Amino acid sequence: PPPPPPPTPPRWYRRRQRQMCIRDSDWSGWSDYHALNATVTHRGRGLVATAAYTWGKSTDSKSAAAGIGFNQIGWQGLLDNHDPARDHGLSSFDVAHRFVASFVWNLPFGRGERWGPDASGLKQAIIGGWQLNGIWLWQSGLPMTIWALDLGGALDTGSGLNRANVVGDVRTGGGTVEEWFNTAAFAQPALGEYGNSSRGILRGPGINNLDLGLFKNFVIGPTTLQLRVEAFNALNHPQYLLVSTFSWVPNFGVVTVAREARIVQLGVKLLW
């Protein structure tokens with residue numbers, strides 16, 4: 001005989017089923033990237049140097065998978081799933097300007113060089129075999145999005161966040177550690193209202209860093225003993241990293257994190 005029909009679920013369970021909702025994920029998006037690259041290289045007898053510059057602009061609707069990554073918001077990474085175009089802006093990894101210069105310079109001292117070409121013995125050991133290396137990086141900051149609260153969860157963003165409203169000129173003021181941008185230019189949107197500011201409306205701190213290395217090479221038969229002094233952020237330039245972009249907190253607009261200060265390390269290397 002056929003099996004008996006399954007029991008009818010209780011009424012409270014049927015009501016719970018009707019109240020359940022289904023969330024779907026949309027992994028689509030669109031992006032654009034434009035760039036200009038220029039490189040200059042010099043190769044000489046004792047000096048090799050390279051300078052490279054990149055201008056670029058990257059825009060997208062979201063820079064990571066749904067709801068994941070910097071500058072993302074909401075269930076699918078979008079502020080309003082019904083209006084994906086609202087989120088098309090600067091990519092969270094966009095760098096407008098980047099300049100890198102590097103060099104390796106065998107200093108012209110010692111045997112066969114411009115100064116002390118006939119050096120030998122102790123004199124050669126003191127003045128010869130010096131090498132200076134350096135890398136200079138200058139880069140503009142990454143985009144920053146200014147956040148507000150999703151009051152009462154009315155927008156159902158999932159993260160509890162909204163974007164702030166622009167109520168003033170974002171290009172005036174700021175530029176200090178205590179106020180990186182004009183915080184008075186932003187305000188909390190009303191209940192159930194999406195903020196009118198775009199993704200990546202401002203830029204965070206950039207990078208201005210010089211690393212240097214001074215090497216001394218001692219040739220010992222078929223091997224070379226190398227003494228190294230290396231300085232990272234050699235000029236000890238302040239390297240700011242993060243700025244508070246949450247408009248409701250007391251430190252809104254304040255630089256909160258910096259990269260490491262100057263680091264000096266010593267090393268010995270044997271080449272054979």
Side-chain angles (χ1 to χ4, degrees), residues 25-36 54-98 139-176 179-207 240-249 251-256:
S25 292
D26 181 2
W27 296 80
S28 65
W30 71 96
S31 62
D32 301 280
Y33 178 68
H34 305 277
L36 168 70
T54 300
W55 168 86
K57 184 176 183 181
S58 176
T59 61
D60 56 33
S61 52
K62 51 184 177 179
S63 298
I68 302 173
F70 185 64
N71 280 0
Q72 302 304 308
I73 189 174
W75 298 110
Q76 301 179 60
L78 303 173
L79 181 64
D80 180 5
N81 286 342
H82 301 287
D83 185 12
R86 178 191 293 271
D87 279 65
H88 192 80
L90 292 175
S91 304
S92 59
F93 49 80
D94 176 70
V95 175
H97 304 281
R98 180 180 174 89
Q139 175 180 301
S140 56
L142 296 173
M144 297 189 304
T145 298
I146 306 303
W147 302 111
L149 291 171
D150 175 13
L151 297 177
L155 302 177
D156 193 26
T157 61
S159 62
L161 295 177
N162 192 0
R163 287 203 288 269
N165 274 340
V166 177
V167 295
D169 189 350
V170 301
R171 297 169 297 180
T172 62
T176 66
E179 187 179 21
W180 189 256
F181 52 85
N182 182 14
T183 57
F186 299 95
Q188 169 68 47
L191 176 69
E193 175 186 289
Y194 289 108
N196 62 19
S197 62
S198 61
R199 284 178 54 224
I201 189 173
L202 298 174
R203 287 196 179 271
I207 302 174
Y240 305 126
L241 181 59
L242 296 180
V243 180
S244 175
T245 56
F246 300 106
S247 60
W248 65 92
V249 298
N251 66 343
F252 178 46
V254 176
V255 175
T256 57

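What you see is a predicted model, and the numbers here were worked out from it, not measured in a lab.
Between the side chain of Glu179 and the main chain of Gly173, no donor-acceptor pair closer than 3.5 Å is present. With Arg163 contributing its side chain and Ser197 its backbone, the two residues share a donor-acceptor pair below 3.5 Å. Between the side chain of Asp150 and the backbone N or O of Ala154 there is at least one donor-acceptor pair closer than 3.5 Å. Under a 3.5 Å cut-off, the side chain of Asn165 and the backbone N or O of Asn196 do form a donor-acceptor pair. Judged by distance alone, the side chain of Ser140 and the main-chain N or O of His97 form a donor-acceptor pair under 3.5 Å. Between the side chain of Asn162 and the main chain of Glu193, a donor-acceptor pair closer than 3.5 Å is present.
Evaluated for a side chain to side chain contact (heavy atoms under 4.5 Å, CB included) with Ser91, the options Pro143, Ser63, Ser61, Ser31 yield exactly one hit, Ser63. When the options Asp94, Leu90, Val95 are evaluated for a side chain to side chain contact (heavy atoms under 4.5 Å, CB included) with Leu142, the one that passes is Val95.
Between Trp180 and Tyr240, the angle of the ring planes goes over 60°, which puts this pair in the perpendicular group of the 30/60° scheme.
Across every non-hydrogen atom of Val166 and Phe186, the tightest pair is CG2-CE2, 4.0 Å. The shortest non-hydrogen separation linking Ala148 to Ser247 is CA-OG, 3.6 Å. Residues Asp169 and Asn182 share a closest heavy-atom pair of O-ND2, 3.0 Å.
The CD atom of Gln139 sits 10.0 Å away from the OG1 atom of Thr54 when rounded to the nearest 0.5 Å. For the atom pair Arg199 CZ and Leu78 CG, the distance stands at 8.5 Å (nearest 0.5 Å). Note that the CG atom of Asn251 and the CZ atom of Phe246 stand 9.5 Å from one another [nearest 0.5 Å]. Rounding to the nearest 0.5 angstrom, the gap separating the CG atom in Leu149 from the CH2 atom in Trp248 is 4.5 Å.
Residues Leu155 and Tyr194 form a side-chain contact, since some pair of their non-hydrogen atoms from C-beta on lies under 4.5 Å apart. Contact check for Leu79 versus Thr157: side-chain heavy atoms found under the 4.5 Å cut-off. Side-chain contact between Thr245 and Ile146 is present, with heavy atoms from C-beta onward closer than 4.5 Å. Side-chain contact between Asp87 and Lys62 is absent, with no heavy-atom pair separated by less than 4.5 Å. In this structure the side chain of Asp32 never reaches within 4.5 angstrom of the side chain of Lys57, judged on heavy atoms. Side-chain contact between Pro205 and Leu241 is absent, with no heavy-atom pair separated by less than 4.5 Å. Thr176 has its side chain out of reach of Phe181: every pair of non-hydrogen atoms, C-beta onward, lies at least 4.5 Å apart. In this structure, the side chains of Leu242 and Val255 stay at 4.5 Å or more apart for every pair of heavy atoms.
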